[in-house]
*Asks:* 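Structure incoming, see below.
We count residues from 1, following the sequence as given.
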Amino acid sequence: MNWDSRETHLSLPHIRKPAEQPFSETVPATYSTHDLPGGPRLAHSHLPESECAAVSIYIPVGSRDEIGNIPAGLAHFSEHMAFKGTKTRSAKELTLAIESGGGQANAATSEDHTVYEAQGEAELMPVLIEVLADMVWHSTFPSNEIELERDVIGEEITMIRESPSDHINDLLASALWPSHPLGQSISGSLESIEKISRSSLKHFAKEHHFRKDLVIATAGPMSAEEILASLLPQMPKKFKKPALQQAYSPSPSREIIENRPTDQLQLGLAWHTPGRHSGQRHALRMLSLILGESSSSRLFTELREERGLCYQVGSETTLFHETGALQILAGLDPDSRDESMETIFRETQDLADNGPRPGELERAKRLAIAQSKLAFESTAAHAAWAGEGLLFYNRIPSPQEARENFLNVTGEQVQAIAKTIFAQQPATAEIRS
């Protein structure tokens with residue numbers, strides 16, 4: 001394929017020739033990466049048989065960047081405001097521009113990134129790109145919309161606060177990451193969002209929506225050249241060097257107990273783990289699957305099926321650049337708290353002392369691979385895989401590579417990461433009467 005002649009014909013910037021990676025033998029998809037003017041990159045998933053298209057803009061900023069005088073919840077507030085009007089469209093016009101063509105748009109803020117995404121039928125891709133670019137790079141933050149959205153976000157915060165099964169996540173994060181933005185609610189608090197002004201929102205967007213390290217992800221039947229032809233006219237002329245994130249320095253975990261009238265005890269435990277670049281991350285995933293990510297997991301079997309102590313119990317992992325967490329959450333009868341804690345600690349210690357039991361690791365591998373395959377049933381999932389791969393790992397690994405990493409995990413590796421993690425004193429959070 002002659003990349004030089006194609007660049008001349010389309011008047012495109014320098015494009016790094018992609019290393020096309022097959023998704024699998026049965027799903028004809030290829031991934032490619034492309035340098036964009038000013039520093040950002042494009043991650044494209046070519047799905048020639050797809051009838052749909054998806055586009056996402058990944059900005060490497062989230063609640064963990066809210067340090068110093070930056071009020072908690074600013075990144076999340078800014079994400080909401082991207083939908084509230086641009087230089088050429090009102091909030092309603094932004095919505096209609098996509099939904100009139102049958103598409104939909106959404107956004108999400110996490111601890112370390114914000115993503116704006118849109119999807120629809122393949123023919124809608126130029127519209128999806130143009131409208132999403134308008135939202136991200138030309139928002140005007142109308143004053144009246146800010147006050148309305150402040151109330152909306154306040155209701156969101158209240159809804160989470162009044163749902164113990166949701167609020168326990170914020171308490172557990174605060175217990176695990178004390179004195180660091182990773183421990184604060186992504187939405188902020190009712191007090192912190194009152195400090196957010198139009199000038200702070202505009203400054204935040206100026207600093208982060210034009211970063212050189214942002215990633216645009218696309219997926220659909222169109223070629224990368226077709227994507228670039230639609231995308232390049234919408235790109236800003238200049239991007240800026242990003243600020244450095246505040247690295248996490250380990251500090252002792254805490255115990256947080258919140259008392260409120262409730263008939264059920266919400267219990268959370270969390271341990272620090274290595275980050276997303278650790279060679280142990282695949283063994284960590286197997287550990288979590290064995291421990292509590294399925295109906296055949298140890299905690300579900302012991303606490304619910306064998307002892308009837310809870311309706312719901314589970315584990316999950318969260319990985320950041322330099323650190324991460326393994327957490328266990330359960331909703332319990334308050335009278336079963338001590339027995340449940342004893343059972344949890346017995347299972348975690350057994351994994352550290354003895355590793356997986358016969359059949360556990362093989363079952364965890366099959367579950368992980370099946371979940372991976374099921375996750376790729378949508379065009380948007382391919383865009384997310386490509387975008388997050390390039391954003392977090394500086395490349396797009398093939399899904400098959402990820403599955404092979406799971407298959408290569410040994411019982412000794414699972415036991416080793418269990419020993420490291422469960423040697424720590426866990427952070428704990430409880431909501432109880």
*Asks:* Hey, would you say the Tyr31 and His44 ring centroids sit under 6.0 Å apart?
*Replies:*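 No; His44 has its ring centre 6.0 Å or more from that of Tyr31.
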*Asks:* Please name the pair of heavy atoms, one in Ala53 and one in Met125, separated by the smallest distance, quoted to 0.1 Å.
*Replies:*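 Shortest heavy-atom separation between Ala53 and Met125 comes out as CB-CE, 3.8 Å.
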*Asks:* Going by atom types only, do Arg41 and Thr33 share a side-chain donor-acceptor pair under 3.5 Å?
*Replies:*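 On atom types as modelled, these side chains do not qualify, holding no pair under 3.5 Å.
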*Asks:* Does Lys241 form a salt bridge (Lys or Arg N to Asp or Glu O under 4.0 Å) with Asp213? I'd like the steps, not just the answer.
*Replies:* CA-CA 8 Å; Lys241 184 178 179 180; Asp213 57 347; over 6 Å; no
*Asks:* Quick check: Phe392 with His321 (ring centres under 6.0 Å apart)?
*Replies:*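 For His321 and Phe392, the ring centres are not under 6.0 Å apart.
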*Asks:* So, Thr109 versus Glu79: side-chain donor-acceptor pair below 3.5 Å or not?
*Replies:*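 The criterion, which ignores hydrogens and geometry beyond distance, is satisfied for Glu79 and Thr109.
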*Asks:* Measure up the Phe210 and Trp137 rings against each other and bin them: parallel (under 30°), tilted (30 to 60°), perpendicular (over 60°).
*Replies:*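 If you compare the ring of Phe210 with that of Trp137, the planes turn out tilted.
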*Asks:* Do the charged groups of Glu305 and Arg298 touch, with an N to O distance under 4.0 Å?
*Replies:*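 A salt bridge is absent here (no side-chain N lies under 4.0 Å from a carboxylate O).
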*Asks:* Taking side-chain contact (heavy atoms from CB on, under 4.5 Å) as the criterion, tell me which of Val409, Val414, Ile417 meets it with Gln280.
*Replies:*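 Between Gln280 and the candidates, side-chain contact (heavy atoms from CB on, under 4.5 Å) is satisfied uniquely by Ile417.
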*Asks:* Do Asn408 side-chain atoms and Asn405 backbone N/O form a donor-acceptor pair below 3.5 Å?
*Replies:*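 No, Asn408 side chain to Asn405 backbone: no donor-acceptor pair under 3.5 Å.
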*Asks:* Do Glu388 and His113 have side-chain N/O donor and acceptor atoms under 3.5 Å apart?
*Replies:*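 No, because no side-chain N or O of Glu388 sits under 3.5 Å from a partner of the opposite role on His113.
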*Asks:* Passes salt bridge (Lys or Arg N to Asp or Glu O under 4.0 Å), Arg64 versus Glu111? Steps please.
*Replies:* CA-CA 5 Å; Arg64 70 170 299 170; Glu111 292 88 349; over 6 Å; no
*Asks:* Do Gln184 and Glu66 have side-chain N/O donor and acceptor atoms under 3.5 Å apart?
*Replies:*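 Result is yes, a qualifying pair exists.
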*Asks:* Kindly assign one of parallel, tilted or perpendicular to the pair Tyr116 and Phe83, based on the angle between their ring planes and the thresholds 30° and 60°.
*Replies:*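 Because their plane-to-plane angle lies in the 30° to 60° range, the rings of Tyr116 and Phe83 count as tilted.
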*Asks:* Step by step, work out the side chain to side chain contact (heavy atoms under 4.5 Å, CB included) result for Ile59 and Val136.
*Replies:* CA-CA 10 Å; Ile59 301 174; Val136 172; 4.0 Å; yes
